[in-house]
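Presented below is the structure to which this report refers.
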Amino acid sequence: MFATHPLQPPVDAMALRSTLLRIVFNGQQTRQIHELKKKEHAGVTKLREVVEDRLQEIKRSKTWKHERILTSPQDTKVKVKGSEGEFLNFCANNYLGLANHPEVVEAAREGLSKYGAGLSSVRFICGTQTMHKELEDRLTQFHGREDTILYDSCFSANTGLFEALLTSEDAVFSDTLNHASIIDGIRLCKAQKLRYPHKDLNELEHLLAHSQARLKLIVTDGVFSMDGNVAPIKGLRDLADKYRALLAVDDSHATGFFGETGRGTEEYCGVKGAADIICSTLGKAVSGAAGGYTTGPKELVSLLRNVSRPYLFSNAPPPPVVAACLKSLDLVENSSELRQRLRENTRLFREGMTAVGLTVAGDDHPICPVMVGEAALASDLAAGMLERGVYVVAFSYPVVPKGSARVRVQLSAAHAPDDVRRAVQAFADVARNIGFIQK
């Protein structure tokens, strides 16, 4: 018998075990188990009240995130739990189609077999294998920089940069549409924080000219993920030189596929070497798995290895992921076929959409935002596309400015031309049916 409170009757152990098992296997909420023992903690009750208010606010603002569950590998055609058949996938960051590429999958399998599932350690203790150093060296050579530090994601690379580098004597100048990871990283540092209007070089120069900071760091996305437009890299480099500032670029939506050889935004803009610091991802075009990095001056990388908190306090990237990234770099560097196919698909989609009377924003990039304006219309357009077997997602305020709701489309080298044509036709049909364009 279990001991109980003096005022409560004794509880038979076998009876309690039987009751608990019945509750679990009946699929009821585990909270019922607690009811057999004691009342819910007051703090948890309060948490439920507070969080429920916030959840209802999210729902009222129509920004609730619905996660569709894939039952297949990431690819141009995917299966979704609860739905029949396959969907054409036009909303992944799988720009080169490497996420499920057979050579990349086999490399990951070999990495798993040779090096294990993970390191169970941060890098500086016992979490660095030869393959981690090999990947860092390969990325250094790929970008033509001095050194590279590997992170578990580009989000970690960005949040680990600013606090490590900048002090209260310094200043950081950030584009207003920069990625959330840059915004969060800047919040962590003690530097003076200055934002300039999106791609506005005149306002940026005004801010730089009036700054007396020791280090001045300009930071921008290379390609802005909601708009598909490209940062004015040459103008930013000119201002950095004029005011003795550093230029940092997050090239997550460019590395591996943008520019003639896939070297990213600075290559696309014709100013290779313009960025002093590049942060980027290994979870989009390059393998589609995970990982991020910062590449630049060797002194900066040495500093990050010693004081960058996401690096110091996160496990090393798992061997299968590193192996997949190394193989993906081989494919990126040894052939231009995938990049050429992606450019052709991008051109085919953009020209097709224009021909049917729809507006696609962006700068010749495979991020193709189909501009709608009204949030409700954007939602209807995306829903109609899904009904026709094309998987795309609508974005509205506060993710994008009010009045600029859009359905974002992302092309892949793995899409066949007929896939692209089918998507264009589906957009045209749905847009007419909802009254967005004339029949």
Side-chain angles (χ1 to χ4, degrees), residues 143 145 148-149 151 153-211 213-227 229-255 258 264-269 271-281 292-297 299-301 303-304 307-311:
H143 287 287
R145 263 57 185 188
T148 299
I149 178 172
Y151 288 86
S153 68
C154 188
F155 202 110
S156 291
N158 281 334
T159 55
L161 173 65
F162 304 100
E163 183 185 28
L165 176 62
L166 304 175
T167 72
S168 58
E169 298 179 67
D170 307 315
V172 58
F173 305 80
S174 176
D175 189 293
T176 53
L177 295 189
N178 276 340
H179 190 265
S181 59
I182 294 176
I183 295 169
D184 285 1
I186 290 173
R187 284 172 176 165
L188 294 172
C189 77
K190 296 180 179 178
Q192 183 182 10
K193 304 166 180 68
L194 301 159
R195 295 198 308 165
Y196 59 92
H198 182 48
K199 298 175 60 174
D200 189 334
L201 296 178
N202 290 330
E203 181 60 24
L204 174 59
E205 178 164 20
H206 175 78
L207 295 172
L208 287 166
H210 289 81
S211 173
R214 181 189 60 169
L215 287 179
K216 302 175 185 179
L217 176 62
I218 304 166
V219 59
T220 183
D221 281 2
V223 176
F224 294 86
S225 61
M226 281 296 122
D227 297 274
N229 61 356
V230 180
I233 298 297
K234 185 180 186 307
L236 292 171
R237 181 69 261 168
D238 290 344
L239 288 179
D241 290 338
K242 183 175 181 179
Y243 294 98
R244 301 181 64 183
L246 294 161
L247 176 59
V249 176
D250 178 335
D251 234 11
S252 293
H253 287 278
T255 298
F258 208 44
T265 310
E266 57 181 19
E267 182 181 48
Y268 174 83
C269 293
V271 281
K272 286 182 68 174
D276 300 299
I277 303 165
I278 294 175
C279 293
S280 195
T281 184
Y293 59 92
T294 298
T295 188
E299 293 84 359
L300 170 66
V301 173
L303 177 67
L304 295 176
V307 302
S308 180
R309 294 168 74 86
Y311 178 82

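Along the sequence shown, the residues carry numbers beginning at 1. Source: prediction; values computed, not measured.
Under the rule for a ring pair (Phe, Tyr, Trp, His ring centres under 6.0 Å), the partners of Tyr268 that lie at least two apart in sequence or sit in another chain are Phe258. In this structure, the side chain to side chain donor-acceptor pair (under 3.5 Å) partners of Thr255, at least two apart in sequence or on a different chain, are Ser280. Taking the side chain to side chain donor-acceptor pair (under 3.5 Å) definition, one finds that Glu203 meets it with nothing, sequence neighbours left out. Asp238 is linked by a side chain to side chain contact (heavy atoms under 4.5 Å, CB included) to Lys234, counting only residues two or more places apart in sequence or in another chain. Listed by chain and residue number, Arg187 satisfy the side chain to side chain donor-acceptor pair (under 3.5 Å) test with Asp184 (two or more places apart in sequence, or in another chain). Legend: residues meeting side chain to side chain contact (heavy atoms under 4.5 Å, CB included) with Glu267, ordered by chain and number and at least two apart, are Glu260, Thr261, Arg263, Lys272. For Thr167, the side chain to side chain contact (heavy atoms under 4.5 Å, CB included) partners are Glu169, Asp170, Arg214, not counting sequence neighbours. Contacts of Ser308 classified as side chain to side chain donor-acceptor pair (under 3.5 Å), with partners at least two apart in sequence or in another chain: Tyr151. Taking the salt bridge (charged side-chain N to carboxylate O under 4.0 Å, His left out) definition, one finds that Lys242 meets it with Glu205, sequence neighbours left out. Taking the side chain to side chain contact (heavy atoms under 4.5 Å, CB included) definition, one finds that Ser174 meets it with Asn178, Ile182, Ile186, Val219, sequence neighbours left out.
The ring pair (Phe, Tyr, Trp, His ring centres under 6.0 Å) contacts involving residues 176-201 comprise His198-Phe224, where partners must be two or more places apart or lie in separate chains.
Of the possible donor and acceptor atoms, one in the side chain of His210 sits under 3.5 Å from a partner among the backbone N and O of His206. A distance-only check finds a donor-acceptor pair linking the side chain of Glu266 to the backbone of Ala275 [under 3.5 Å].
Salt-bridge formation is not detected for the pair Asp276/Arg145: no Lys NZ or Arg NE/NH1/NH2 atom is positioned less than 4.0 Å from an Asp or Glu carboxylate oxygen.
Between Val230 and Cys269, the shortest heavy-atom contact is CG1-SG, 3.8 Å. Between Ala231 and Thr220, the shortest heavy-atom distance links the atoms CB-OG1, 3.6 Å.
Between Phe173 and Ser211 the shortest side-chain heavy-atom distance falls below 4.5 Å. Here the side chains of Val301 and Thr294 are not in contact, with every heavy-atom distance at 4.5 Å or above. Between Asp175 and Asp221 the shortest side-chain heavy-atom distance does not fall below 4.5 Å. In this structure, the side chains of Leu236 and Leu201 come closer than 4.5 Å at one or more pairs of heavy atoms.
Rounded to the nearest 0.5 angstrom, Ile149 CD1 and Leu300 CG are separated by 8.5 Å. Rounding to the nearest 0.5 angstrom, the gap separating the CG atom in Leu194 from the CG atom in Leu217 is 11.5 Å. Going from atom OG1 of Thr159 over to atom CZ of Arg309 covers 11.0 Å, rounded to the nearest 0.5 Å. To the nearest 0.5 Å, atom CG of residue Leu204 and atom CD1 of residue Ile218 are 5.0 Å apart.
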Sequence neighbours left out, cut at 3.5 Å: what donor-acceptor pairs do the side chains of residues 244-253 make with other protein atoms?
unit_1, atom_1, unit_2, atom_2, d
Asp250, OD1, Ser252, N, 3.0
Asp250, OD1, Ser252, OG, 2.8
Asp250, OD2, Asn158, ND2, 2.9
Asp251, OD1, Thr265, OG1, 2.4
Asp251, OD2, Thr265, N, 3.0
His253, ND1, Tyr95, OH, 2.7

For this session: Could you give me the CA-CA distance, side-chain angles and deciding distance for Phe162 and Lys193, then say whether side chain to side chain contact (heavy atoms under 4.5 Å, CB included) is met?
Result: CA-CA 11 Å; Phe162 304 100; Lys193 304 166 180 68; over 6 Å; no

Exercise. Checking side chain to side chain contact (heavy atoms under 4.5 Å, CB included) for the pair Lys199/Asn229: CA distance, chi angles, key distance, verdict?
Worked result: CA-CA 10 Å; Lys199 298 175 60 174; Asn229 61 356; 3.8 Å; yes

For this session: Could you check Thr295 against His143 for side chain to side chain contact (heavy atoms under 4.5 Å, CB included), going step by step and ending with a plain yes or no?
Result: CA-CA 8 Å; Thr295 188; His143 287 287; 4.0 Å; yes

For this session: Report the C-alpha distance between Leu208 and Lys216 in whole Å, list the side-chain angles of each, state the deciding distance to 0.1 Å, and finish with yes or no for side chain to side chain contact (heavy atoms under 4.5 Å, CB included).
Result: CA-CA 8 Å; Leu208 287 166; Lys216 302 175 185 179; 4.3 Å; yes

